Q: 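The structure's right below; bear with me while I get my questions together.
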Amino acid sequence: MGDQGRLYVNDDVVPAYKKIIPFADLILPNQFEAETLSGIKITSLETLASAVTAIHKIYSVPHVIITSVQLFKLSQSGSTPPPPENFLTVIGSTTRSDGSPRLFRVDVPALDCFFSGTGDMFAALTVARLSEAVSAVDGLRTTKSWLSPDDVAATDLPLASATVKVLSSMHSILERTLESRDAELAVAVPALEGEASAEELQKRDYLRRTKAAEVRLVRNTRVLRDPKILFKVQDWKKEDLPKDLR
């Protein structure tokens with residue numbers, strides 16, 4: 001629907017999104033979309049937890065992953081230290097039988113490049129990895145919405161396992177993409193014939209950089225199949241939850 005504080009769609013489209021979400025078992029909003037869906041401005045770890053809880057409750061969605069949150073920008077009132085500024089945090093949750101959240105987080109280093117299509121890649125990999133993780137648990141595949149029993153800790157959820165694998169694959173692929181991009185941009189390009197305006201040169205440079213940053217997915221399929229686990233799932237500390245969830 002949008003990102004970075006603005007909608008990509010018309011305002012009158014948002015209700016249509018909200019109307020179909022209850023039919024989903026898993027949604028993957030970014031921070032702005034999570035705020036739009038929950039009606040809660042995310043300014044702290046507590047409001048972040050409240051937003052996820054509201055999405056679970058309002059839309060009856062059992063699995064939620066907020067794909068990118070910069071925790072260092074949020075106010076810190078609990079005991080959990082924020083990651084450094086060059087990190088992004090992915091927040092996930094699977095509900096218990098009473099609808100309450102089981103929150104976990106994974107911190108990942110941010111890469112200094114704009115990549116196109118990473119949201120689609122994250123979504124596709126998450127569906128595959130969640131199915132794989134659920135299949136590894138006896139009897140879970142036959143349960144409604146693949147909901148784990150209430151005694152399963154947040155960090156042991158299939159959704160948590162899937163998220164770590166997905167992020168490990170993506171980080172490795174994007175690192176390789178950066179290496180290829182830098183090598184491609186290091187090659188000199190011929191000058192344009194005749195006089196070129198500053199606008200033409202800027203457009204040419206933008207298109208060149210964008211093309212060089214296309215995700216090298218096919219050539220790195222082995223990283224998709226068998227990723228090296230690079231990150232660790234962290235539990236959500238009680239002190240960072242709203243009082244009604246502690």
Side-chain angles (χ1 to χ4, degrees), residues 1-11 13-59 61-75 82-95 101-130 154 159-160 162-171 173-174 177 213 215 231 233-234 236 240:
M1 291 187 295
D3 199 5
Q4 302 296 321
R6 68 183 184 91
L7 290 171
Y8 298 152
V9 299
N10 291 331
D11 290 346
V13 177
V14 175
Y17 276 92
K18 292 181 176 181
K19 189 174 180 179
I20 63 173
I21 286 175
F23 294 98
D25 290 311
L26 166 69
I27 61 171
L28 311 170
N30 57 42
Q31 180 176 337
F32 172 71
E33 291 167 334
E35 291 175 336
T36 302
L37 293 176
S38 66
I40 296 173
K41 180 67 175 177
I42 297 173
T43 59
S44 64
L45 291 173
E46 282 194 14
T47 54
L48 177 54
S50 294
V52 176
T53 303
I55 291 172
H56 281 314
K57 183 177 181 180
I58 295 169
Y59 305 99
V61 180
H63 306 284
V64 175
I65 297 176
I66 301 182
T67 55
S68 54
V69 180
Q70 294 179 308
L71 287 189
F72 68 88
K73 291 185 175 181
L74 305 184
S75 62
E85 290 191 16
N86 59 337
F87 273 71
L88 295 173
T89 300
V90 173
I91 308 297
S93 173
T94 294
T95 57
R102 279 175 283 190
L103 287 152
F104 62 86
R105 60 181 268 197
V106 184
D107 298 331
V108 297
L111 298 175
D112 187 20
C113 181
F114 172 78
F115 301 100
S116 180
T118 52
D120 294 332
M121 180 164 60
F122 185 91
L125 290 175
T126 299
V127 171
R129 288 301 185 189
L130 179 58
L159 188 64
T163 300
V164 167
K165 278 195 172 183
V166 169
L167 291 173
S168 295
S169 285
M170 288 186 63
H171 189 77
I173 287 174
L174 295 181
T177 296
V215 177
F231 309 115
V233 183
Q234 300 179 55
W236 204 270
D240 296 315

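In this chain, residues are counted from 1 in sequence order. Heavy-atom basis, side chains included; hydrogens, waters and symmetry copies ignored. What you are looking at is a predicted structure, and each value in this text was computed from that prediction instead of being measured.
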Q: Restricting to side-chain contact (heavy atoms from CB on, under 4.5 Å), what partner residues turn up for V13, sequence neighbours left out?
A: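 Here the qualifying residues are V9, N10, Y17.
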Q: Working note: L103 + I91, criterion side chain to side chain contact (heavy atoms under 4.5 Å, CB included); need CA distance, chi angles, decisive distance, verdict.
A: CA-CA 7 Å; L103 287 152; I91 308 297; 4.0 Å; yes
Q: For Y59 and F23, indicate whether the former's side chain and the latter's backbone hold a donor-acceptor pair under 3.5 Å.
A: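 Here the side-chain-to-backbone pair does not exist.
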Q: Using only atom types and a distance under 3.5 Å, with no angle test, would you say the side chain of T95 pairs donor to acceptor with the backbone of P101?
A: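 The answer is no, because no donor-acceptor pair under 3.5 Å joins these two groups.
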Q: Listed by chain and number, what are the side-chain contact (heavy atoms from CB on, under 4.5 Å) partners of L111, not counting sequence neighbours?
A: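 With neighbours one apart ignored, the set is F115, H171, L174, E175, L178.
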Q: Restricting to side-chain contact (heavy atoms from CB on, under 4.5 Å), what partner residues turn up for T36, sequence neighbours left out?
A: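 M1, V14, F32.
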Q: Please determine whether side chain to side chain contact (heavy atoms under 4.5 Å, CB included) holds for the pair L159 and L26, giving the CA-CA distance in whole Å, both sets of side-chain angles, and the decisive distance to 0.1 Å.
A: CA-CA 10 Å; L159 188 64; L26 166 69; 4.2 Å; yes
Q: Per the side-chain contact (heavy atoms from CB on, under 4.5 Å) rule, which among V166, L130, L28, V52 passes with I65?
A: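 Of all the options given, the one that passes is L28.
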Q: To the nearest 0.5 angstrom, please state how far the OG atom of S169 sits from the CE atom of M121.
A: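 Here the interatomic distance stands at 8.5 Å.
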Q: Who passes ring-ring contact (aromatic ring centres under 6.0 Å, His included) against H56, sequence neighbours left out?
A: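 Not a single residue meets the ring-ring contact (aromatic ring centres under 6.0 Å, His included) criterion with H56.
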Q: I would like to know whether S44 and T47 meet side-chain hydrogen bond (donor to acceptor under 3.5 Å, both in side chains); could you show each step before the answer?
A: CA-CA 5 Å; S44 64; T47 54; 3.2 Å; yes
Q: Enter the distance from T163:OG1 to R105:CZ here, rounded to the nearest 0.5 Å.
A: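 Interatomic distance, T163 OG1 to R105 CZ, rounded to 0.5 Å: 14.0 Å.
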Q: Any donor-acceptor pair under 3.5 Å linking the side chain of N30 with the backbone of I66?
A: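 Not at all, since once roles are kept as given, no pair shorter than 3.5 Å links the two residues.
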Q: Test of understanding: with side-chain hydrogen bond (donor to acceptor under 3.5 Å, both in side chains), list the residues that count as partners of T94, not counting sequence neighbours.
A: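 T94 satisfies side-chain hydrogen bond (donor to acceptor under 3.5 Å, both in side chains) with H63 once adjacent residues are dropped.
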Q: Working to the nearest 0.5 angstrom, can you tell me the gap between T118 OG1 and I173 CD1?
A: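 Nearest 0.5 Å value for the OG1-CD1 distance: 11.5 Å.
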Q: Supply the atom-to-atom distance L37 CG to I27 CD1, rounded to the nearest 0.5 angstrom.
A: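 Between atom CG of L37 and atom CD1 of I27 there are 5.5 Å.
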Q: If a pair satisfies salt bridge (charged side-chain N to carboxylate O under 4.0 Å, His left out) and one of its residues is in residues 13-27, list it, with sequence neighbours excluded.
A: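 Residue pairs with at least one partner in residues 13-27: there are none.
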Q: Could you give the distance from CG (L125) to OG (S168), rounded to the nearest 0.5 Å?
A: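 L125 atom CG to S168 atom OG measures 11.0 Å (nearest 0.5 Å).
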Q: With sequence neighbours excluded, tell me which residues meet side-chain contact (heavy atoms from CB on, under 4.5 Å) with A51.
A: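 S38, I40, I42.
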Q: Evaluate the criterion side chain to side chain contact (heavy atoms under 4.5 Å, CB included) for residue pair F231 and V90; output intermediate values, then yes/no.
A: CA-CA 11 Å; F231 309 115; V90 173; over 6 Å; no
Q: Does any non-hydrogen side-chain atom of R102 lie less than 4.5 Å from one of F104?
A: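 No; the side chains remain at least 4.5 Å from each other.
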Q: What is the minimum heavy-atom distance between F114 and A213, and which atoms define it?
A: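 Closest approach of F114 to A213, heavy atoms only: O-CB, 3.9 Å.
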Q: To the nearest 0.5 Å, how far apart are CD1 in I55 and CD in E33?
A: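 Result: 9.5 Å between the selected atoms.
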Q: List for me each residue that meets salt bridge (Lys or Arg N to Asp or Glu O under 4.0 Å) alongside K41, sequence neighbours excluded, and say none if there are none.
A: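 Result, salt bridge (Lys or Arg N to Asp or Glu O under 4.0 Å) vs K41: E35.
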